[in-house]
Amino acid sequence: RELEKRHRGRVTALRQLHGAMRTLQVTVEDRVSEGLRLVEASDSLEKVKERHHDAGQALEAVQEEVKEAKLVVERTRSNARAALDDANRLAGDQGLNDSLRQSFQLLPGTLTEIDAMIAEAEASVDCMQLHVDETVIVEYEEREKKILNIGDQVGFSFLDY
């Protein structure tokens with residue numbers, strides 16, 4: 001009987017030890033899982049920091065380009081103002097007379113358009129020197145207008161070429 005009592009006491013102690021070990025195992029597994037989640041979160045955080053750093057560098061580069069472009073624009077404006085001042089000075093007190101001012105207002109706004117206008121005028125002069133029939137010139141100009149209208153309808157600009 002004494003032996004049985006000691007044996008039961010040991011079995012109870014072993015069962016308690018087994019329960020404690022089981023609780024400890026679950027706690028350790030939970031801590032390991034939590035640690036793995038923290039490591040993964042830390043890796044993700046590092047990746048976000050790297051992307052943020054790269055984006056920051058790209059932003060700084062773009063800001064520097066914008067800053068340089070602003071300087072170029074300001075220099076260009078300054079040069080244009082100086083050229084305008086020179087032109088006004090050269091024109092003297094007379095300035096541009098009204099008919100000359102109106103002539104300038106009739107010109108297109110870009111150099112490409114002015115070049116196209118000059119080429120057209122030169123072609124007309126060349127045709128006149130060759131004694132080309134007037135109806136051929138009129139027909140050419142009408143066809144040119146039709147082509148330009150069709151280009152406008154489809155969104156194509158011949159001035160770009």
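The chain is numbered in sequence order, starting from 1.
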Q: Could you tell me the separation between the CZ atom of Arg31 and the CG atom of Leu36, rounded to the nearest 0.5 Å?
A: 14.0 Å
(Q) If the threshold is 4.0 Å, N to carboxylate O, is there a salt bridge linking Arg143 and Glu139? (A) yes
Q | Pairwise side-chain contact, Leu3 with His7, heavy-atom cut-off 4.5 Å (strictly under) | A | no
Q) Can you tell me how far CG of Asn149 sits from CD of Gln153, rounded to the nearest 0.5 angstrom? A) 6.5 Å
**Q.** OG1 on Thr12 to CZ on Arg15, rounded to 0.5 Å
**A.** 6.5 Å
Q) Considering only heavy atoms from C-beta outward, does the side chain of Glu68 approach that of Glu64 to under 4.5 Å? A) yes
Q: Starting at NZ of Lys67, measure out to CD of Glu60 and round the result to the nearest 0.5 Å.
A: 11.0 Å
Q: Run through Val26, Asp30, Val32 and flag the one making a side-chain contact (heavy atoms from CB on, under 4.5 Å) with Val28.
A: Val32
Q. Is there a donor-acceptor pair under 3.5 Å between the side chain of Thr76 and the backbone N or O of Val72?
A. yes
(Q) Looking at Ser33 and Glu29, would you say the former's side chain and the latter's main chain have a donor-acceptor pair under 3.5 Å? (A) yes
Q) Rounded to the nearest 0.5 Å, what separation is found between the CG atom of Asp152 and the CD1 atom of Ile147? A) 12.0 Å
(Q) Measuring from atom CE of Met21 to atom CD of Gln16, what distance do you get when rounded to the nearest 0.5 angstrom? (A) 14.5 Å
**Q.** Salt bridge Glu4-Arg8, side-chain N to carboxylate O under 4.0 Å
**A.** yes
